[in-house]
Amino acid sequence: MAYSNKVLEHFKHPQNVGTLDKSKKSVGTGLVGAPECGDVMRLQIEVDEATQTIKDAKFKTFGCGSAIASSSLATEWLKGKTVEEAMKIDNMDIVEELALPPVKIHCSVLAEDAIKGAIKDYQEKNGLEVTVEVGHH
Amino acid sequence: MNKMIYLDNNSTTPTDPRVVDTMVPYFFEKHGNAASRSHPYGWVAEEAVDYAREQIAALINADPKEIIFTSGATEADNLAIKGAYEMYARKGNHIITANSEHKAVLDTCKMLEKRGAEVTYLEVDDKGRVSLEELEAAIKDNTILVSIMYANNEVGVIQDMKGIGEICKKHGILFMSDATQAVGKIPVDVQDLGIHLMAFTAHKMYGPKGVGALYVRRKNPRVKVTSQLDGGGHERGMRSGTLNVPGIVGFGKAAEIARQDMEKDTERLIKLRDRLETGLMQLEETYINGDVENRMPHVTNISFKHVEGEGLMMTFNQTIAVSSGSACTSASLEPSYVLKAMGLGDDLAHSSLRLSLGRFTTEEDVDRTIELISNGVNHMRDLSPIWEMYKEGVDLDSVKWQEH
């Protein structure tokens with residue numbers, strides 16, 4: 001299957017690969033997917049408490065090229081956004097940006113779930129009201 | 001397509017230039033229909049087909065009359081199984097096969113189940129082999145056919161053909177084999193093995209695509225299959241349709257070359273395959289799938305743990321062509337059913353690559369492949385959260401994964 005240039009670009013040069021210190025209160029981690037399903041995505045955000053702005057985002061993904069591109073793109077989009085804004089990232093935005101074919105839509109769903117998972121983890125750690133729902137797809 | 005390394009010879013092989021050369025005259029100068037009995041065009045074509053039939057029969061130790069030309073192995077599998085089911089309907093309706101067979105066999109059996117057949121799907125062991133005891137135990141009064149593949153397309157495991165042949169003979173049951181991956185690559189002797197029906201194809205042995213054959217035994221016992229295509233009654237009434245003369249000529253030449261070069265090719269391929277395997281096994285958490293004792297000389301199927309196969313392929317697919325056991329492109333996300341049939345976990349099945357070498361693979365190709373795949377695996381592991389967890393000593397089985 002031929003990948004779009006944007007997927008290839010993210011795959012060749014993935015942005016924000018890495019690990020944030022999950023013991024920090026300011027860091028939220030979302031881990032979604034399963035090895036048996038062929039993809040696991042871990043997305044982390046570091047939130048500035050005062051402004052509720054995401055100052056850093058990192059990912060690691062086990063999966064196909066589209067899964068890696070989706071998570072790489074998600075981290076790019078997350079940086080600089082407020083938590084409120086980050087919640088609004090929709091998987092279809094990722095599908096559109098990366099021109100994912102129908103069989104790869106689940107990769108974008110996984111990325112959206114990972115974002116929400118990271119926000120939920122951050123909110124729970126900081127005793128905030130959880131305002132996202134993970135895995136509603 | 002410059003400087004590509006082709007390690008997907010189980011999918012299809014390049015047509016040997018010597019084969020192409022023999023085919024060319026049969027497109028224009030000698031374009032006759034082999035069934036035209038009234039003029040030299042037809043005679044020339046018929047002669048060429050007869051010669052190819054001899055070349056192919058010699059490769060599998062059969063009589064030329066026992067070769068029925070088809071469009072490929074899928075058609076031959078269909079003809080053998082459906083044709084035998086219909087021809088021997090009054091003897092019974094039970095077929096025995098295995099769960100690691102090619103879809104051309106499995107789906108044909110499933111189709112027959114809808115038409116009233118009873119099918120037993122034997123489970124293969126962790127090495128991919130059928131147990132002779134289980135096979136014999138599955139035989140019943142109404143069993144008419146056993147269909148077991150010679151060598152598996154994904155892992156290259158070779159079944160105990162002689163053992164299966166003996167059991168079939170003892171019980172008076174037809175022995176059909178999909179030998180697509182074996183014929184032309186390893187010695188195949190239908191007499192010695194007691195095979196009654198055998199499907200194979202030209203394009204897996206450096207011949208052209210679009211032509212295959214079904215071996216149908218004529219003596220001890222005489223076997224017949226009901227034709228699945230109605231028409232002019234070609235191929236002893238078992239397969240109607242104008243013969244693909246250039247294809248058949250190429251198939252014949254491919255068979256002749258395979259027979260002549262088999263020993264030399266095999267020796268070279270085993271060396272290259274072992275070199276490739278040794279190189280790749282230097283990587284941590286890497287496993288060879290399938291029976292390494294009973295295996296085709298040119299194939300290896302390897303799982304690189306905590307790396308997803310399709311993603312891994314993307315790191316080098318501009319340079320190396322291989323196949324993955326991960327089916328991330330299918331909506332079901334189901335990995336290889338063959339690897340699963342062998343009891344491999346979904347995670348390892350998703351992490352597998354099939355590398356199949358061929359006549360035109362060089363040592364340089366192998367060394368470059370080791371380098372590129374190793375780099376790819378290391379890169380993908382740097383990106384993999386489960387590799388990181390594994391390295392931190394997390395028990396991955398205890399993690400509550402959020403399946404989607």
Side-chain angles (χ1 to χ4, degrees), chain A residues 1-3 7-8 10-19 22 29-44 58-72 91 100-114 116-117 120 134-137, chain B residues 285 303-318 323-336 339-340 344-352 375-377 379-392 394-404:
Chain A
M1 188 188 57
Y3 286 95
V7 169
L8 287 173
H10 276 285
F11 183 79
K12 279 186 204 147
H13 307 287
Q15 302 299 303
N16 309 308
V17 175
T19 307
K22 62 177 181 246
T29 303
L31 180 68
V32 295
E36 295 75 40
C37 301
D39 34 32
V40 175
M41 211 176 264
R42 188 193 64 196
L43 204 142
Q44 295 181 298
K58 296 269 187 220
F59 88 91
K60 276 202 177 184
T61 291
F62 161 87
C64 67
S66 300
I68 287 164
S70 296
S71 29
S72 169
N91 79 291
L100 296 181
V103 292
K104 295 294 187 186
I105 287 177
H106 69 275
C107 298
S108 70
V109 171
L110 211 58
E112 186 189 317
D113 282 350
K116 297 206 159 123
K120 181 169 178 259
V134 185
H136 62 280
H137 289 276
Chain B
E285 292 294 307
S303 286
F304 303 94
K305 213 171 180 185
H306 310 314
V307 171
E308 196 273 331
E310 196 189 325
L312 173 60
M313 277 202 301
M314 246 179 103
T315 64
F316 52 72
N317 66 5
Q318 298 301 312
S323 275
S324 161
S326 182
C328 198
T329 43
S330 72
S332 68
L333 303 180
E334 279 291 303
S336 154
L339 296 177
K340 286 180 77 174
L344 210 69
D346 280 9
D347 53 340
L348 275 176
H350 273 300
S351 301
S352 72
N375 291 345
V377 169
H379 173 71
M380 294 305 282
R381 281 180 174 166
D382 286 344
L383 284 178
S384 170
I386 43 181
W387 178 253
E388 185 184 297
M389 290 160 89
Y390 162 74
K391 280 284 169 188
E392 284 171 352
V394 174
D395 175 14
L396 293 167
D397 293 331
S398 70
V399 176
K400 264 196 168 176
W401 300 105
Q402 185 221 322
E403 298 193 22
H404 56 104

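Naming convention: chains lettered A, B, ... in sequence-line order (proteins, then strands); numbering from 1 in each chain.
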- Task: Could you go through the side-chain contact (heavy atoms from CB on, under 4.5 Å) check for A:Arg42 and B:Glu388 one step at a time?
- Result: CA-CA 11 Å; A:Arg42 188 193 64 196; B:Glu388 185 184 297; 2.8 Å; yes

If we only count heavy atoms from C-beta on, is the [X] to [Y] side-chain gap below 4.5 Å?
{"X": "A:Asp39", "Y": "B:His350", "result": "no"}
{"X": "A:Leu31", "Y": "B:Met389", "result": "yes"}
{"X": "A:Pro14", "Y": "B:Leu383", "result": "yes"}
{"X": "A:Ile68", "Y": "B:Met380", "result": "yes"}

- Query: Measuring from A:Lys60:NZ to B:Ile386:CD1, what's the distance to the nearest 0.5 Å?
  - Reply: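 A:Lys60 NZ to B:Ile386 CD1: 11.5 Å, rounded to 0.5 Å.
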
- Task: Hey, could you give me the NZ/CD distance between A:Lys12 and B:Gln318, rounded to the nearest 0.5 Å?
- Result: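 Result: 6.5 Å between the selected atoms.
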
- Query: Contact part of B:Ser351 toward chain A, heavy-atom cut-off under 4.5 Å: side chain, backbone, both or neither?
  - Reply: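 When you check distances to chain A, only side chain atoms of B:Ser351 fall under 4.5 Å.
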
- Counting only heavy atoms not in A:Lys120, do more than 12 sit closer than 6.0 Å to its NZ atom?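 Atom NZ in A:Lys120 is not crowded, with 12 or fewer foreign heavy atoms closer than 6.0 Å.
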
- Query: Between A:Ala34 and B:Trp401, which heavy-atom pair has the shortest distance, and what is it?
  - Reply: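 Answer, listing the atom of A:Ala34 first, then B:Trp401: CB-CB, 3.5 Å.
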
- Query: Do you know which of B:Val399, B:Asp347, B:Leu396 makes side-chain contact (heavy atoms from CB on, under 4.5 Å) with A:Pro35?
  - Reply: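 The single option meeting the side-chain contact (heavy atoms from CB on, under 4.5 Å) with A:Pro35 is B:Asp347.
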
- Message: Using modelled atom types and a 3.5 Å cut-off, is there a donor and acceptor pairing between side-chain atoms of B:Glu308 and backbone atoms of A:Cys64?
- Response: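 Yes, the answer is positive, given that a donor and an acceptor are paired below the 3.5 Å cut-off.
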
- Measuring heavy-atom distances to chain B, does A:Val17 have an atom under 4.5 Å in its side chain, in its backbone, in both, or in neither?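 Answer is side chain: those atoms of A:Val17 sit under 4.5 Å from chain B.
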
